[in-house]
Structure formats: structure tokens, C-alpha cells
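Here is the structure we will look at, set down as C-alpha cells.
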Amino acid sequence: MPVRRGTGAAPRIGGPPSFPVPVSRPPETVPMTADYKSTLFLPETGFPMRAGLPRREPEILARWEEIGLFGLLREDSRGREKFILHDGPPYANGHLHIGHALNKILKDVINRSQQMLGKDANYVPGWDCHGLPIEWMIEERYRAAGRNKDEVPIVEFRRECREFADKWIDIQREEFKRLGVIGDWDNPYTTMTFAAEAQIVRELGKFVMSGELYRGSKPVMWSCVEKTALAEAEIEYHDRASPTIDVAFPVIAARAPELEGAEVAIWTTTPWTIPGNRAIAYGDGLDYRLIEVTRTGAASGVAPGRRIVLAAGPMEDALARCGVSGHREVARFRGADLEGAVCRHPLRGRGYDFDVPLLEGDHVTTEQGTGFVHIAPGHGAEDWALGTRHGVETPHTVDEDGRYLDHVPLFAGARVLTGDGGEGDANGRVIAALAESGCLLAKGRLVHSYPHSWRSKAPLIFRNTSQWFVSMESNGLRDKALAAIDATRWVPPSGHARIRGMIETRPDWVLSRQRAWGVPIAVFVHKETGEALRDRAVIDRIADAVEKEGADAWFAGDPRRFLGDGRDAGDYEQVFDILDVWFDSGSTHSFVLERRPGLAWPASLYLEGSDQHRGWFHSSLLEAAGTRGRAPYDAVLTHGFVLDGEGRKMSKSLGNVVAPQDVVEQYGADILRLWVVSADYGEDLRIGPEIVRRQADSYRRLRNTMRFLLGNLAGFGEDERLDPAAMPELERWVLHRLWEIDRLVRKACDDFDFHALFVALHTFCATDLSAFYFDIRKDALYCDPLNGTRRRACRTVLDTLFSCLTAWLAPILCFTTEEAWLQRFPGEKESVHRRVFPEVPESWRDDALAAKWRTVRRLRRVVTGALEVARREKRIGSSLQAHPAVHADAADIAALDGLDMAEIAIASRATLVAGAGPSAAFRLDDAPGVSVVVKLADGGRCERCWMVLEEVGSDPVMGDLCTRCAGAVAEIADVSEVVT
RNA sequence: GGGCCUGUAGCUCAGUUAGGUUAGAGCGCACGCCUGAUAAGCGUGAGGUCGGUAGUUCAAAUCUACCCAGGCCCA
């Protein structure tokens, strides 16, 4: 006779008081072979096993938007201690890449965790808007349309740049939101709002007022055709033939007496820079030789008897160039021996009557040339840096056309390059003059890689130009910045040394750019004195105008409105250079943290990739140290860079780029967020198809843990809750573990160590819960009488686990934990993110119990090992078929006092025996003294709980059940009768 | 070339600061069990010259030097 199934499937468990809905029929009529499944309390939940994150996450986002979650959080945490993570602004062009995703997810995890630690983590995202890349995009458009940028009014050009930035802000904002990043997305900050531009002007004004801003000069890559400076990215390198010369600089002073009357040889491919020469660089660790020429070839301009200093490495080549066929070595030197030596310029007596000092230069090599480098501070970046460091002047020698200025002796008016980029007469005239002076040792030609303009394709030169600087020394900026570094917490600590090294040696900050899209260096220069106008009122008038009209006010306005009465605009030059964009972003702390309600200065934390030691951390530090005497942050956290699965840099050409949008679309943002915390982001991170798949695996375990909790908490009510004191040890052990993990979670959040947090939680879910606690308690949850103490204790703990796990994982799995939380608590404005981490009472701590259960699990491992052998021998399948006998020393047996080893090992029965077991018993090497003999459990199988017990069959009515199950079924039947 | 950093099982990481038992974990993998968490759950197992070489030491993943590979920032 077929068993008639009940009207419902499994008993539904409703709200409190929780009792099941009726089962199929009264127990008396249940036949011996009944299907008891419907009498079990099996898990039930609408929380699906398959996440479907790509579809579900946008729904959750929409709900957050709808309830105004960010606003609710601000209300909830009003008055709490603030945690301000100040957002480093990404540049507003292009879609997000994986590095953006890493950065913003990390920030989000930190903000959410600080919020749940009980703080007010108000996060205002921002964008960096000014600068070259956007200018190029607009220029590119003009080119495509056949327009010339220079013919477009600057205000119109700037407007197009602004619109371009706006467009990308909108796109990136949506992409960031999709990652689950929560913040004030409706009111982000940008560097191009009028208020921001005005504040940047004010900040610059502080450097003007302090006198730290000064006009100096610096060589830049210059196109004589376009008459403009070019940025690195606008430069192409092509082969070009250049003249080469070896030039002798006579020594006029040196420590070593042998050097008297000797000459230092330099080699260069730019003869035209010799008029700009002001020093010679040598390498400290290099070997040098002083030689005397004894024989020369016919074509040589070098006479025997001349004494020349050269580096040992390139000496033979250099002498060959000079036609020297015989020489003798007079002396040997180390570079360091040349310290303090001075030469005269080879054109001395013809307008070049200054000394040429020998300086140590760490860029000097012996690969080419003579081992000495001619230093023209106006014509090379390294030359300028070395010269500036030693107080050597940087002369202006050529104008914007590439023509020697009038004050240049001998060569005024000569051209380095012609108007169309061709070779001018400067090189030839300089070479001729050197030959006349007798200092030309050799000349030749060389084809080498040389910079050219990307636009005109004409060769470029390094040309000295006027620029605006912030002095590192005049007002003690360097010292202030170094002190600020020492007062800041750097995570990881190596960041301290990294930025310190940079600040210690960096030259003055070049603030000016000859560009259009940026905040102007809003300064007036007195035409006669060359001094910047230092007048608080003028600066305020400019800033106020910018606040109302934007920075265009500076470009479009009449200077008289700023200068005020009593000054003649004709006396002043208005500076139209713009600020280095690093000054913009370095000032964000002032127009965001200081001026926005709800925020605070300084920031609790700045968090960016490690490249920002040179970038934003650096510029923010200098800006704030100069204007406020300290860093704008209390702590700085850096993360590494994202590499591909093999640890290589990602590039389009390698085809190894992982786009965050693709991961989100295929797996979901929670998977990407899991990836972030699964790695040690203090170092470089890898991502590739396999690594993403691994995250999906880890995710499944966490999701299923939550699903198990939800399923077994169906209908849980407060009246069912049990006090820990009344709980079995197993439950109290779980509470102890929660106490331990709570501590770990809070410490990990303090340390921003989410990898440790993730590992701890994942291992806890997999090892302690799924493989141990849940596995053991499934029997009680499914089979025990509905309100049995053991079952109530377990459900109470499951409730606590749910509370803790959803909170602890919420900063990471922001979507999944929300889904799980709402599954149980679907309130209108309910959100897991509005919670704080649950209070875990100290009373849950029980070290003695933990020690005891370490023993329990050690014994259990021997049992499971023994069961596996029995399984292999086909003696058992399910562990419930077994009856293990555990032999252990008396101390271990005593430790199990009051515990049921059968329950713990999921066997039907277990026996504990003190003493050594039989020699054939199963043992594990790492559990000495413990052995297990697996017997088969005697008795019949309970058709409900599947335990094999001798008592089965003893119930007169339900002969196929054990006593416990018979009672449970009877209880259900009683209740069902009441209900029906 | 310089500054900072990294290299431990297929993957992600502990362990290195203060050298000391057979180098651990989770995942993956293989095999098996269960079929009442089921595109789940449980168990067992395999898998590592600790980037390489040389050195210090009774003893090195751990300290030193050099080398190789990779990253960021400079040059």
C-alpha cells in the first residue's frame, strides 16, 4: 500500500510561538514503512543557493537608492566619533580599470567596517578634473575637425574641457556605485567646481604671502617650430644625426698637484649648449687617468705633450677619436679625488670668463664619451638638477625660436634650429670657435635616438624657461614636511622611508605649466622688480571672483578689478600659466575636509596605491605643511598594483587585462570584493580567470553557511531563546569561538587587515561550523522535539551566528549580507549596513572549555580516520552505521566527562575505554595514545533519524522509530490535532 | 643605474622582527561516503629543492653577500 503524502511537504514553521503545521495523519495510522521526512524540521528558506549576483546586486542597489541608505547612515551616526577617509580623486577620463576597483572597494570596506565599529564614516568621493589628458582629448577633437587650438578662445576651450570631465564623472560614478561603494555620490567633490578653484587660488595665495612662491627658471622640452613647451607624452623619439665633439676644459685649480696644467675632456652631441656650460660632472666611484699625449695622427688637432684627464673605461675610444696614437699614463685618480677641482671655460677671454666647477654626478657613466659630462643647467633636466643643487646659475641662452639671445657672447642671433625645424648655424659656429681656442679635441657625427614633437615632427631642444616654484627651504617647508611625515602612521611602515627619502632630496616644487585647462597661477608680477605682488586683499578679490565665475574670471576679466585702486595695471604683468594639477589635488583637504559640513580636518586616513608617495600623498603633504604646518592626514595606507595571474603588468598588447566590469557582469561585485580581501593588498595583487574562479568557490562556502543558518532559523522566536548557562557545552564552545573571532575582527578592522579577517571567517565557516558544529547538530535540528533544550540551544546559537556573521561580513560582501539580512528582517528601511558589530559579552569566553574541546576534536579526528578505514573496507557507508570504541589515556577519557562521543562523531553509539587499545586499532601519528576500533552499531535503524539503536522496535506504536523520534512525532501529532 | 618592496604547495596566504621538533591553513585537485544544506554536505589523501648560489652557525624559510625574476617611483 503506497504511503499517502501529507497535504504539505515539510512542516512549515511559522512565527512565534513556533509550532508546526499538521502532518499527514494521526500516528496510529502511520504504517511501519512510513516516510518520516515530513515529520522532520528541515531547513527552509527563500535565500537561494545560487546567488545570481549579476542580476540581484542591481536590485539591492536600487533599494539602497530608494531608501536613501547613505542619508540614513548619516542620521544614525550623528554625534558619533568621525572616521574620515578622504578620497584621492581619480582622473575623470575613461572607464574604470581594475586598479580603480581595488582602490575604491578597499576604501569602501574600510568605511563600512569603521561605521560598524560605531563611528560616523562619512565618505565623500571626488574627481580630479584639470590637466593635460583632457586637454589632449579636446585638442584631438579639434584636429579631427580641422581646427587650430590656438584660434579658439581660451574660455571656450576650457568650457569644452569641463564638459568632457563632467561626462566621465557621470560614467565613473555609475561604475563605482555598481561595485557597491557607498558614499555621497549625489554631492561628490571635484577640483573644477568654482568653490574648489577659488580655494585653490586662496591656498596658492598663502604661498604668495609667505614668500615661498618665487619665479625661477627651468629647462623644458621645447619645440622651436610650435614655440611651445611639450610634455613627456607629447614627445616622440626618432633617429637623428648629430654632431659630436670632444672638448678640453683646462684645469685651473685642483687638490692633486699632477692636475696642474691638465685638461678635462668632455664629449657632447649638442655643441650649441657649450655657451650654456657652467659645470662638469664626474662619477665618484669611477676610475680616471691623467695621460700625456706622446704621438698623434696627421689629422689630429691635439699636440703631443698635452695632458688630458679621462675615465679609464672609455679612454681608448676617446683617444682614438682625438687621433692620439701614443700616450703615457701620468697618474690615476678616483672620481672622489676630483672634488673641488675647477676648470675654465674653453672660450675664456671671449666673454666666458667664469669658473667651471667639477661636481659629483650620480648619472655619469662610462658607456659613451669621456667619463665627464658637460653640464649646461639650462639645457638638460639632470644638468639643471645638479646645477641647482650646487647653486650654479641657470643661464637663459636661447629664445623661443631657438635663437641665441643678444647677451650671449660670440653667438648672439645664431640659430640652433631653423623655423621649420632644420639644422641652424649654432652648432657650426660653436665648433669653429672651440677650434680657434684650441680646445676642440675631436669632432664627428652620430646617429642616435632624439626627441621630436608629436605634432610637427620637428626636433626638440631643452630650453630654459621662467617657471614658478615653491621653495623647500626659504620658509622651512622641507623640515616641516619631514616632521609631518614622522608624525604620521604609515601602513605598511615602509611607506615612511619611501616618502621621507623623496622629501629629503626633492628640489623646489615647480608649480607652473604653460597650459590652458587648470587653475591659474593668479599672480601679478611687478614689471620692474620682477616680484610677485603680495597683497592679501588682491588675492581675496581674485578668489571671490573665481568663487562666483570660476577660474575663467582670471583669464577673461580685467586685471584692474583685482588690483584695486592705487595701482596701475600697466605696472604689472598678469601670469597666465596654470598650476600643476598636483597642487589642485594637494589642496583637496582644504576645500573638502575643512569646508564641507559633516567632515573633519585632518583626515583619519588617505588610501591610495603606492605610486602616490610621489603623487597625492606628497603634494598634499607639501601643501598642508606649507599652509598649516602639518600633514592633512593622521594615517596613510597604501596598496600594491594589480598584475595578471602570472604576476606581469597588465597591457592591451599582452591581452591579459582583466576589466572590473567583466568580473561584475559575469560573477558579481561581491566576488570582486572578495578578491580584494583575499589577497594581501599591501603588496601587488594578481588577478586572472583562475583567481576569480577561486573567489567564487570561497563565496559559495560563505553563502551556504548563511543559507544553512537562515534555513534552520525559520520561525525562530524570542521565546525559544535559551540562556547560555542552560546550553550544552558544544553551544558554549561556539560562543567562545565567537568571542575569539569578535576580538580578531575588531583588531583586523583597526589594522585594516581584512585579509586576516576574511581568512578567519572563512575558516570558521568551513572548519568550525560546516564540518563540525552544523554537521553534528543537523540531527538535533531536524529530529529533536521542537522545543527540546538541545534544539533550542542550537537555534539560539544559530541566531547569534547569523547576527555576527552577517555583520562581520557586511563590509566585504555588502550585497550578499544585505540579501541574507532582509530575508529574515525585511523592514521597510531595514539594512544590515545600519547595524554595528554585535556586542559579544566577555562571559562567553571560556578558555578551559576551549582547551577541553581541543581534546575532543583531537579524539574525533582519530574516530573519523578509523571510520574512513571501515568505509574503505565496505563495512560501513554512513557513520551512523558505526559504533566506534575509543581507547585513550585516562586524562583524555576524563576530559570527555559529560559528553556524548557518539553525538560528536555522528555515530549511533560510542564507547570510551581508558588505556591503550588493541594493536590492530586505528591510530594517528599526531594523536598519540589514542586508538579506535570500529564496530557495527547493534539494533535497528530508526527510520526517522537513521541512527542504529537497540531500542528501535520497542515502541508499540511506532516500531520503526527510536524513543526520541517516537516522542517527537507524537508531539507533532498532538499539536496538529490541536491546530486542526 | 638609484630608492622602496616582493618571491613559501595548482591558487590565496601564515610562519621571517628576537635562527631550533617531521614548514602550516583555507581553497582547488584525487579517491571515497552521504543523498534530509543536494549545481549542496562529510571524510581521507596526494602535493612544497621555502626563487637560486655561496657563506655564518651545532642548527637557516628565518641572518649575511651576490645573482635571477617581478612590481612601484625616479634616473
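These numbers were taken from a predicted model, which means no experiment stands behind them. Throughout, a chain's letter reflects where its sequence line sits, starting with A, and its residues are numbered from 1.
When rounded to the nearest whole Å, the span between CZ of A:R700 and P of B:G41 equals 8 Å. The CH2 atom of A:W675 sits 24 Å away from the P atom of B:G26 (whole-angstrom rounding). Rounded to whole angstrom, the span from the CZ atom of A:R686 across to the P atom of B:C27 amounts to 22 Å. Counting to the nearest Å, the C1' atom of B:U6 and the CZ atom of A:F641 are 14 Å from each other. A straight line from CG of A:D768 to C1' of B:C42 spans 15 Å, rounded to a whole angstrom. Atoms CE (A:M650) and C1' (B:C72) sit 15 Å apart, rounded to a whole Å.
Among the heavy atoms of the strands lying under 4.0 Å from A:G647 are primed sugar atoms or P, OP1, OP2 only; no base atom is included. Residue-level contact check: A:R506 touches neither bases nor backbone, having no heavy atom under 4.0 Å from any strand. Within 4.0 Å (heavy atoms only), A:S494 reaches sugar-phosphate atoms of the nucleic acid but no base atom. Nucleic acid contact class of A:G877 (heavy atoms, under 4.0 Å, all strands): sugar-phosphate only.
Distance from the side chain of A:A679 is smallest to B:C13 among B:G41, B:C4, B:C13. Each of B:G41, B:U12, B:C5 was ranked by its minimum atom distance to the side chain of A:S678; first place goes to B:U12. Nearest to the side-chain atoms of A:R694 among the listed nucleotides B:G28, B:U38, B:A37 stands B:G28. Distance from the side chain of A:E683 is smallest for B:U6 among the nucleotides B:U6, B:G36, B:G10. Of the candidate nucleotides B:C27, B:G43, B:C73, B:C73 has the atom nearest to the side chain of A:R498. Set against B:G43, B:A37, B:A75, the side chain of A:E868 has B:G43 as its closest nucleotide. Here the side chain of A:S878 is nearest to one of B:G26, B:C34, B:U44, namely B:C34. Closest approach to the A:R648 side chain among B:A37, B:G70, B:C11 is made by B:G70 (side chain taken as heavy atoms from C-beta onward). Closest approach to the A:R701 side chain among B:A40, B:C27, B:C33 is made by B:C27 (side chain taken as heavy atoms from C-beta onward). Of the candidate nucleotides B:C73, B:G36, B:G32, B:G36 has the atom lying nearest to any side-chain atom of A:C783.
Atom CZ of A:R743 is surrounded by 12 or fewer heavy atoms from other residues, nucleotides or ligands within 6.0 Å.
Annotation: side chain of A:D768 is in contact with side chain of A:F764 (closest heavy-atom distance under 4.5 Å). Side chains of A:T488 and A:I485 form no contact here, defined as non-hydrogen atoms less than 4.5 Å apart. Side-chain contact between A:I375 and A:E382 is absent, with no heavy atoms from C-beta onward closer than 4.5 Å.
One N or O donor and one acceptor, one from the side chain of A:S770 and one from the base of B:A37, sit under 3.5 Å apart.
A distance of about 10 Å separates the C1' atoms of B:A23 and B:A9, rounded to the whole Å. When the P atom is used for both B:A65 and B:C4, the distance is 13 Å, rounded to whole Å. On the C1' atoms, B:C13 is 30 Å away from B:A54, given to the nearest whole Å. Atom C1' of B:A46 sits at a distance of 32 Å from the matching atom of B:G36, rounded to the whole Å. Taking the P atom of each, B:G19 and B:U62 are spaced 12 Å apart, rounded to whole Å. Between the C1' atoms of B:G28 and B:A69, the separation comes to 26 Å (whole Å).
By the stacking rule of 5.5 Å between ring centres and under 30° between planes, A:Y36 does not stack on the base of B:G36.
Less than 6.0 angstrom separates the ring centroid of A:F708 from the ring centroid of A:F774. Side-chain rings of A:Y699 and A:Y667 stay apart, their centers remaining 6.0 Å or farther from each other.
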